[in-house]
Colleague: 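Could you have a look at this structure, given as structure tokens, before my questions?
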Amino acid sequence: EYDGRIFWLRGAEELERFLEQPWVFAQAQLPAKLPPMSSAEGARVPEPPDLPHIGYMESLLGPLVTAALCEVGDLRPKFPHLSPKETALKYVGLYLKAHNERSPAHVREFYATKLAKFRETCEVPQELLALARERGTDSRAATPGL
């Protein structure tokens, strides 16, 4: 407390600075509008009171995850030098980031571009496989089960 006002300080370092020169803090002009809290400061998405955590996550993420998994199932992407499982996981991750409505537009655009490049790279092995089949040199045709 100083000059009839109570000051809340973040930590020991700020407290030490305050104790050395409390008048500096007392004369400081606060901005008319405070900046938004960063996620590191504990900003949370409010939860609806009538849903448990699992229900809230299902209602929020269900349609988006379902769309991502359907697209993986339809495209069946295969990134060079990654297993199909790793490829699918990376694809779903990029899809979720590219379609997250809570992200700023520039972040969604950035990940949409990355997703498009990932898709293009995944198409290359399919094109090579199609070329090999045309030439009759498909090594997978000779191997049962592939």
Side-chain angles (χ1 to χ4, degrees), residues 1-2 5-19 24-146:
E1 183 177 338
Y2 177 78
R5 294 170 49 197
I6 296 175
F7 293 86
W8 294 89
L9 302 167
R10 199 183 302 183
E13 187 176 314
E14 288 80 7
L15 176 61
E16 189 176 320
R17 284 184 37 218
F18 176 78
L19 292 174
V24 173
F25 288 82
Q27 295 172 354
Q29 294 293 320
L30 295 177
K33 182 178 178 185
L34 295 176
M37 287 178 51
S38 70
S39 61
E41 293 174 343
R44 289 185 40 191
V45 175
E47 297 178 25
D50 57 339
L51 288 177
H53 293 292
I54 298 295
Y56 177 65
M57 288 177 56
E58 286 176 353
S59 68
L60 187 66
L61 298 174
L64 189 58
V65 171
T66 301
L69 293 175
C70 286
E71 196 163 308
V72 166
D74 290 342
L75 295 176
R76 298 196 182 267
K78 173 64 176 88
F79 196 86
H81 307 294
L82 289 181
S83 71
K85 181 179 180 179
E86 291 171 320
T87 300
L89 290 171
K90 286 186 185 278
Y91 191 94
V92 168
L94 287 171
Y95 185 94
L96 293 175
K97 287 186 174 232
H99 294 87
N100 183 0
E101 294 176 2
R102 294 176 185 251
S103 293
H106 72 279
V107 172
R108 287 194 311 267
E109 290 172 15
F110 174 77
Y111 283 106
T113 303
K114 286 185 80 104
L115 179 62
K117 288 180 183 176
F118 192 84
R119 267 190 210 128
E120 288 174 18
T121 306
C122 289
E123 290 172 2
V124 171
Q126 297 299 328
E127 292 171 5
L128 291 175
L129 184 60
L131 262 167
R133 285 184 178 152
E134 285 177 15
R135 294 184 180 172
T137 59
D138 184 4
S139 61
R140 294 188 340 172
T143 308
L146 292 180

Colleague: Minimum heavy-atom separation for Val72 to Val92, with atom names?
Modeller: CG2-CG2, 3.7 Å
Colleague: List in chain and number order the residues that pass ring pair (Phe, Tyr, Trp, His ring centres under 6.0 Å) with Phe25, two or more places apart in sequence or in another chain; answer none if no residue qualifies.
Modeller: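 So Phe25 forms a ring pair (Phe, Tyr, Trp, His ring centres under 6.0 Å) with Phe18.
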Colleague: Enumerate the residue pairs fulfilling salt bridge (charged side-chain N to carboxylate O under 4.0 Å, His left out) with a member in residues 81-99, sequence neighbours excluded, ordered by first and then second residue.
Modeller: none
Colleague: Which residues pass the ring pair (Phe, Tyr, Trp, His ring centres under 6.0 Å) test with Phe118, not counting sequence neighbours?
Modeller: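 With neighbours one apart ignored, the set is Phe79.
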Colleague: Report the residues that fulfil side-chain contact (heavy atoms from CB on, under 4.5 Å) with Glu71, sequence neighbours left out, ordered by chain and then residue number.
Modeller: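 Checked Glu71 against side-chain contact (heavy atoms from CB on, under 4.5 Å); matches are Leu75, Tyr91, Tyr95, Arg119.
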Colleague: Where is the tightest heavy-atom contact between Thr87 and Pro77, given as atom of each residue plus distance?
Modeller: CG2-O, 3.4 Å
Colleague: Please name all residues satisfying side-chain contact (heavy atoms from CB on, under 4.5 Å) with Ala105, sequence neighbours left out, ordered by chain then number.
Modeller: Arg108, Glu109
Colleague: List for me each residue that meets side-chain contact (heavy atoms from CB on, under 4.5 Å) alongside Ala98, sequence neighbours excluded, and say none if there are none.
Modeller: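 Here the qualifying residues are Tyr111, Ala112, Leu115.
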Colleague: Heavy atoms only: give me the nearest His81-Lys78 pair and the separation to one decimal.
Modeller: N-NZ, 4.2 Å
Colleague: Just to verify, what does Thr113 make a side-chain hydrogen bond (donor to acceptor under 3.5 Å, both in side chains) with, not counting sequence neighbours?
Modeller: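 side-chain hydrogen bond (donor to acceptor under 3.5 Å, both in side chains) check on Thr113 returns nothing, list empty.
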